[in-house]
Amino acid sequence: MKTHLNLLITTLIMALLGSGCNEGWELDYGDPEAQFLQEDLAKKGKAFVGKKITVKGTVEKVDVSDPESAWVHLSGGTKCNLGEFKTMAEQYKAGEVVFIDGILKRCDANDTLLEPAIGRDPTAPFTPIE
């Protein structure tokens, strides 16, 4: 629970300090258009390309080697670009179930992209499309 609280605090601080490109600010306001379980995203998400969504999935790996683009890869092929939120990405561990909000840029089998993306509070309401 403490890790999630730290993640939430880090997210809020970064949101206040960040310069706002239009897509980044879209993540800060409004509810997601839809929510998905990772295993359902590729087959049910195409209608939401360009929209803010939430995905619940299992972390496959985290890549923070590029200081300008921290990546969280979910099982099933979803890539989430957390941009400069390296500290947030580092909180996630392989095998952990996470919730991530993002703008759905691509939605193909084994190649789904949320960009930009940001961690979501795991206690926030989540009602996936069935």
Give every donor-acceptor pair under 3.5 Å between a side-chain atom in residues 39-49 and any protein atom, sequence neighbours left out.
from, atom 1, to, atom 2, distance (Å)
K44, NZ, E130, O, 3.3
K46, NZ, C107, O, 2.5
K46, NZ, D108, OD1, 3.3

**Report entry** From K105 atom NZ to E115 atom CD, the distance as rounded to the nearest 0.5 Å
**Finding:** 6.5 Å

Query - Joint hydrophobic cluster, L37 plus F99, side-chain heavy atoms closer than 4.5 Å - result: yes

**Report entry** Residue pair L104 / T112, side-chain heavy-atom distance below 4.5 Å
**Finding:** yes

Query raised in the report: With side chains defined as the heavy atoms from C-beta onward, is the minimum distance between P116 and L82 less than 4.5 Å?
Result: no

Query raised in the report: Measuring from Y92:OH to L74:CG, what's the distance to the nearest 0.5 Å?
Result: 9.5 Å

Report task. Would you mind listing every salt bridge (Lys or Arg N to Asp or Glu O under 4.0 Å) that reaches into residues 61-81, with sequence neighbours excluded? Result -> K79-D111

Report task. Please answer: with hydrophobic residues joined when any side-chain heavy atoms are less than 4.5 Å apart, are I129 and F126 in the same cluster? Result -> no

Query - Close side-chain approach of V72 to V59, heavy-atom, < 4.5 Å - result: yes

Requested in this report: Would you mind reporting whether P32 and R120 have side-chain heavy atoms less than 4.5 Å apart?
Outcome: yes

Report task. Identify, with sequence neighbours excluded, every residue that meets side-chain hydrogen bond (donor to acceptor under 3.5 Å, both in side chains) alongside T78. Result -> Q38

Requested in this report: Tell me, with the steps shown, if L114 and N81 meet side chain to side chain contact (heavy atoms under 4.5 Å, CB included).
Outcome: CA-CA 6 Å; L114 271 67; N81 185 355; over 6 Å; no

Report summary line: For A94 and E60 the tightest heavy-atom approach is CB-O, 3.7 Å

Query raised in the report: How long is the gap from CD1 on I53 to CG on D101, to the nearest 0.5 Å?
Result: 8.5 Å

Query raised in the report: Heavy-atom distance under 4.5 Å between the side chains of I118 and F85, does that happen here?
Result: yes

Query raised in the report: Under a 4.5 Å side-chain heavy-atom rule over Ile, Leu, Val, Met, Phe, Trp and Tyr, are V98 and V64 clustered together?
Result: yes

Query raised in the report: Can you find a heavy atom in the side chain of E90 that is under 4.5 Å from one in the side chain of V62?
Result: no

Query raised in the report: Do side-chain atoms of E96 reach the backbone of K93 as a donor and acceptor pair under 3.5 angstrom?
Result: yes

